[in-house]
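Basis for what follows: all heavy atoms, side chains included, without hydrogens, waters or symmetry-related copies. A, B, ... follow the sequence lines: proteins, then strands. Residue 1 opens every chain.
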Amino acid sequence: MAKVKGPTPQSEDFSQWYLDVIQMAELADYAPVRGTIVVRPYGYALWENVQRTLDGMFKATGHQNAYFPLFIPMSFLQKEAEHVEGFSPELAVVTHAGGEELEEPLAIRPTSETIIGYMWSRWIRSWRDLPQLLNQWNNVVRWELRTRPFLRTSEFLWQEGHTAHATKEEAEEETTRMLGVYVDFAENHAALPVIPGRKTEREKFAGAVYTTTMEAMMRDGRALQSATSHFLGQNFARAFEITFQDKDLKEKYVWTTSWGLSWRILGGIIMTHGDDRGLVLPPRIAPIQVAIVPIYKAESRERVLAEARRLERGLTELGLRVRLDDRDQYTPGFKFHDWELKGVPYRIELGPRDVEAGTAVLASRLGGKETLPLDGLARALPERLAAFHRELFERARNFREARTRAVDDYPAFKEAVAEGFALAFHCGDAACEKAIQEETRATARVVPFEAPAEEGVCVRCGRPAAYGRRVVFARAY
RNA sequence: CGGGGCGUAGCGCAGUCCGGCAGCGCGCCUGCUUUGGGGGCAGGAUGUCGCAGGUUCAAAUCCUGCCGCCCCGACCA
């Protein structure tokens with residue numbers, strides 16, 4: 001009975017736990033270039049499920065996929081003042097190609113507002129060409145100084161939606177609608193409770209008029225910005241001369257939005273649901289929802305496997321993602337640990353005794369084993385998986401609420417952000433916000449949409465509060 | 001970009017101080033046995049000791065330079 005090391009316990013070193021789990025569960029591995037990772041098949045299957053789900057939601061809201069190039073002329077990025085200031089420090093730039101120095105360096109896209117803006121300026125002529133509702137699934141590069149798998153990598157996969165509209169109202173509606181899609185995805189598919197709202201001026205996207213976001217709490221109490229949706233106003237329209245002739249015969253600038261969700265969400269799923277045994281994956285996006293572990297001796301092998309295959313077929317026919325673990329070189333105990341590490345929601349154990357009795361053991365990744373009749377077992381699983389999702393979501397929400405405190409003085413604020421979210425009034429001044437960060441390492445994460453209207457004074461400087469409500473502060477990833 | 005750590009078998013490491021046969025655990029391969037919570041026994045394979053240069057009869061070990069990665073902090077999806 002060899003003792004095999006599991007991941008570092010969360011309580012001992014949460015960051016090490018995260019890194020251990022990613023490696024051990026075979027989600028990803030480090031690649032040769034600093035800050036880059038290889039997403040392994042199990043991790044990529046998870047990402048594919050995120051993609052498939054979200055892509056359907058984008059299409060249901062009228063968007064179409066397109067693809068714009070990886071290379072962007074440097075001059076494009078310089079056209080929007082805030083945008084270039086925000087992104088230039090982290091650009092990767094190609095200066096040589098084909099054995100020669102390029103006349104104009106090419107930025108590897110950090111995001112595609114500029115090249116899409118350029119194309120729109122050629123495509124859009126009339127109000128009849130609007131709205132433009134585009135999305136692309138791609139990779140982008142941002143040369144981050146401090147990297148961490150999924151959360152912050154030099155190259156990452158994401159989707160970036162870009163839309164152009166005739167009116168401000170329509171663009172703002174789009175901004176809100178798409179944040180709503182992300183919230184729907186987070187809560188109903190990834191089981192992540194999130195707080196939707198607006199970013200402060202200091203935290204907004206470089207080039208946006210304003211940024212909306214959803215923030216989630218990880219199991220170490222830190223916040224993770226899980227998706228953003230930006231109202232870009234006419235900033236990019238002016239920079240790229242994207243104009244159209246309206247019904248009133250006047251030439252006008254379009255109003256644009258952009259919104260994105262990256263594989264960072266996988267980091268959020270890992271750090272929200274995982275425990276000391278490893279991953280816990282939300283059923284709706286788990287690559288494997290049910291693992292069947294057959295238990296047999298040489299003489300019972302065929303009998304047990306035959307029954308296991310019958311069960312596998314029954315589950316597959318219901319549209320469930322199933323894996324029959326018939327690897328001969330491992331013992332059942334090993335397989336139990338393995339599927340727990342990989343976060344599979346349900347495991348079915350099937351041995352000679354069960355086959356004899358017409359039963360099987362159903363084990364939940366959230367704990368508990370029960371013996372159930374084989375007959376009807378498959379049909380019971382969809383409801384079990386739905387309940388699993390609900391329990392996962394509730395657990396995460398309870399955790400967040402237990403670690404969230406409304407605070408009105410600075411000492412209490414410091415205590416609150418040391419272990420979770422602080423709900424506090426703030427004056428709205430960027431310098432004061434920066435001081436908070438320097439003094440507490442916490443930042444303003446989100447001004448929640450859904451928060452009671454309240455007046456007060458700034459938790460740090462005592463000046464009258466802005467926003468008319470409390471702001472969520474936390475240490476963030 | 002600042003601070004720290006580490007590069008030795010696929011992985012985790014010991015050996016480096018004090019130069020002298022390249023080691024351990026896990027994993028891997030073969031066989032037998034086992035299988036209801038990470039089995040056992042036996043046999044076996046696997047190395048530019050990060051790179052370059054120097055000192056020496058002799059370098060993983062000492063000297064010089066370089067490279068890379070990881071972790072921690074300030075910036076970002």
Open item on the list: Distance check, C1' atoms only: B/rC11 and B/rC63, in whole angstrom units.
Closed with: 32 Å
TODO: Please work out which residues in residues 153-162 of chain A have a non-hydrogen atom less than 4.0 Å from an atom of RNA chain B and list them by number.
DONE: A/Thr153, A/Phe156
Open item on the list: Please enumerate all residues that pass side chain to side chain donor-acceptor pair (under 3.5 Å) together with A/Ser154, with sequence neighbours excluded.
Closed with: none
Open item on the list: Just to verify, what does A/Glu340 make a side chain to side chain donor-acceptor pair (under 3.5 Å) with, not counting sequence neighbours?
Closed with: A/Arg277, A/Arg347
Task: For A/Glu299, all residues meeting salt bridge (Lys or Arg N to Asp or Glu O under 4.0 Å), sequence neighbours excluded - done: A/Arg303
TODO: Using both distances under 3.5 Å as the test, list the Watson-Crick or G-U wobble partner of B/rG23, or none.
DONE: B/rC13
Open item on the list: Do the side chains of A/Asp220 and A/Arg403 get close enough for a salt bridge, i.e. N-O under 4.0 angstrom?
Closed with: no
- [ ] Could you check whether A/Val140 gets within reach of a base, just the sugar-phosphate, or nothing at all, counting any heavy atom under 4.0 Å?
- [x] nothing
Open item on the list: The criterion is side chain to side chain donor-acceptor pair (under 3.5 Å); which residues satisfy it with A/Tyr296, sequence neighbours excluded?
Closed with: A/Asp328
Open item on the list: Base, sugar-phosphate or nothing for A/Arg441? Non-hydrogen atoms, less than 4.0 Å.
Closed with: sugar-phosphate
Task: Nucleotide of B/rG73, B/rG37, B/rC76 approaching A/Lys369 most closely (side-chain heavy atoms) - done: B/rG37
Are any protein N/O atoms closer than 3.5 Å to N/O atoms in nucleotides 25-35 of chain B? If there are, list each pair with its distance.
residue	atom	partner	partner atom	Å
B/rU35	OP1	A/Lys297	NZ	3.3
B/rU35	O2'	A/Tyr296	O	3.4

- [ ] List for me each residue that meets salt bridge (Lys or Arg N to Asp or Glu O under 4.0 Å) alongside A/Arg202, sequence neighbours excluded, and say none if there are none.
- [x] none
Task: C1' spacing across the pair B/rC71 / B/rU33, given as an integer number of angstrom - done: 44 Å
Task: Nucleotide nearest A/Arg347 when distance is taken to its side chain, options B/rG36, B/rG37, B/rG38 - done: B/rG37
TODO: Compare the minimum distances between each of B/rC76, B/rG36, B/rG37 and the side chain of A/Arg142, then state the nucleotide with the smallest one.
DONE: B/rC76
- [ ] Determine the Euclidean distance between corresponding C1' atoms of B/rA14 and B/rG4; express it in Å to zero decimal places.
- [x] 22 Å
- [ ] Please state the C1' separation for the pair B/rG27 and B/rG38 - nearest whole angstrom.
- [x] 14 Å
Open item on the list: Going by salt bridge (Lys or Arg N to Asp or Glu O under 4.0 Å), name the residues that satisfy it together with A/Glu144, two or more places apart in sequence or in a different chain.
Closed with: none
Open item on the list: Need one value for A/Pro352: base, sugar-phosphate or nothing, where a base atom within 4.0 Å counts as base even if backbone is also close, heavy atoms only.
Closed with: base
Open item on the list: Does A/Glu85, at its CD atom, have more than 12 non-hydrogen atoms belonging to other residues, nucleotides or ligands within less than 6.0 Å?
Closed with: no
Can you give the donor-acceptor pairs under 3.5 Å from side chains of residues 68-81 of chain A to other protein atoms, not counting sequence neighbours?
residue	atom	partner	partner atom	Å
A/Ser75	OG	A/Glu104	OE2	2.8
A/Glu80	OE1	A/Glu82	N	3.2
A/Glu80	OE1	A/His83	N	2.9

Task: Nearest-Å distance once atom P is located in both B/rG73 and B/rA58 - done: 48 Å
- [ ] Check if the side chain of A/Asp338 and the base of B/rG38 share a donor-acceptor pair of N or O atoms closer than 3.5 Å.
- [x] no
Open item on the list: Please list, in numerical order, the residues of residues 184-208 of chain A that have a heavy atom closer than 4.0 Å to any atom of RNA chain B.
Closed with: A/Arg202
Task: Out of B/rG37, B/rC71, B/rC76, whichever nucleotide has its closest atom nearest the side chain of A/Ser15 - done: B/rC71
Task: Residue matched to B/rG38 through Watson-Crick or wobble contacts both under 3.5 angstrom - done: none
TODO: Give A/Gly351 one of three labels, base, sugar-phosphate or nothing, depending on what nucleic acid heavy atoms sit under 4.0 Å from its own.
DONE: base
Would you tabulate the nitrogen or oxygen pairs shorter than 3.5 Å linking the protein to nucleotides 66-69 of chain B?
residue	atom	partner	partner atom	Å
B/rC69	OP1	A/Arg34	N	2.6

Please write out the pairs of protein N or O atoms and N or O atoms of nucleotides 4-11 of chain B separated by less than 3.5 Å, giving the distance to one decimal.
none

